[in-house]
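Below you'll find the structure, written out as structure tokens, and then a few comments.
A quick note: this is a predicted structure, and the numbers were derived from the prediction, not measured.
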Amino acid sequence: INIFKQVWCLKNNMSKNLYSPTMLKNYLSCEYIVYNEKNEKDLNLIRKERSASDTARLSKGNEHEKIVFNQFKKKFKNIVDIKNKKISRENKITETLKALKEGADLIYGGFLNYNEWIGEFDFLIKDPTIKTEFGNYGYEIVDAKNTTKPKADHIVQLGMYSLMLEHHQKQMPQYVSIALKDSVIER
């Protein structure tokens, strides 16, 4: 992670920036993806149009996330939907922290930060088996992925999300899970 941050800052001539788990995942696959995205205008780069297959893949991923959310809505009562609120990222962080402190059973599309890291969580699910900063409960992370098996880059993202969540609840989540497309949740 430190190498990622050092290369990112050197290439962008900056001392501090905001990073996301997705940026880290992209950087690990090719360090120039993040660099080119950040410097697109300065380098006069022309972004390729999204291919039909990429558009379909993104659409199916969003559809899968909605299916998982609808399944969770049947299981949990106290649900906070932050994803569909038309508010700033900073306000989404504030709303997420409020929902965590108030003990929501499920938080959909919450945002958290930690130092220069920021990320959007698909789902934060209340875990009554651990004690945290919030009381006799904490949260675990569930990320929806439209695939039949977890991949290494999914684990990298979940690891960064876990660090952000740990910062706020003062306890590492016991589990992180991936909601796969066949309705299986892998821990």
Value rounded to 0.5 Å, distance of CD1 in I93 from CD in E95: 11.5 Å
K170 atom NZ, neighbour heavy-atom count above 12 within 6.0 Å: yes
From CA spacing to verdict: salt bridge (Lys or Arg N to Asp or Glu O under 4.0 Å), K92, E120: CA-CA 9 Å; K92 286 187 177 194; E120 179 182 9; 5.3 Å; no
L124 and I141, any side-chain heavy atoms less than 4.5 Å apart: yes
Donor-acceptor contacts, no H, no angles, side chain residues 61-69, under 3.5 Å, sequence neighbours left out:
| residue | atom | partner | partner atom | Å |
| --- | --- | --- | --- | --- |
| N62 | ND2 | L58 | O | 3.4 |
| H64 | NE2 | K145 | O | 3.3 |
| H64 | NE2 | A179 | O | 2.8 |
| E65 | OE2 | K83 | NZ | 3.0 |
| E65 | OE2 | Y108 | OH | 2.9 |

Working for side-chain hydrogen bond (donor to acceptor under 3.5 Å, both in side chains), residues S53 and S51: CA-CA 5 Å; S53 64; S51 70; 3.2 Å; yes
Residues forming a side-chain contact (heavy atoms from CB on, under 4.5 Å) with S88, sequence neighbours excluded: E90, N91
Qualifying salt bridge (Lys or Arg N to Asp or Glu O under 4.0 Å) pairs with a residue from residues 99-113, counting only residues at least two apart or across chains: none
With sequence neighbours excluded, residues passing side-chain contact (heavy atoms from CB on, under 4.5 Å) with S183: Q71
Separation between CG of L112 and NE2 of H168, rounded to the nearest 0.5 Å: 4.5 Å
With Y137 via ring-ring contact (aromatic ring centres under 6.0 Å, His included) - residues at least two apart: Y139
Q174: side-chain contact (heavy atoms from CB on, under 4.5 Å) partners, not counting sequence neighbours: D127, T129, I130
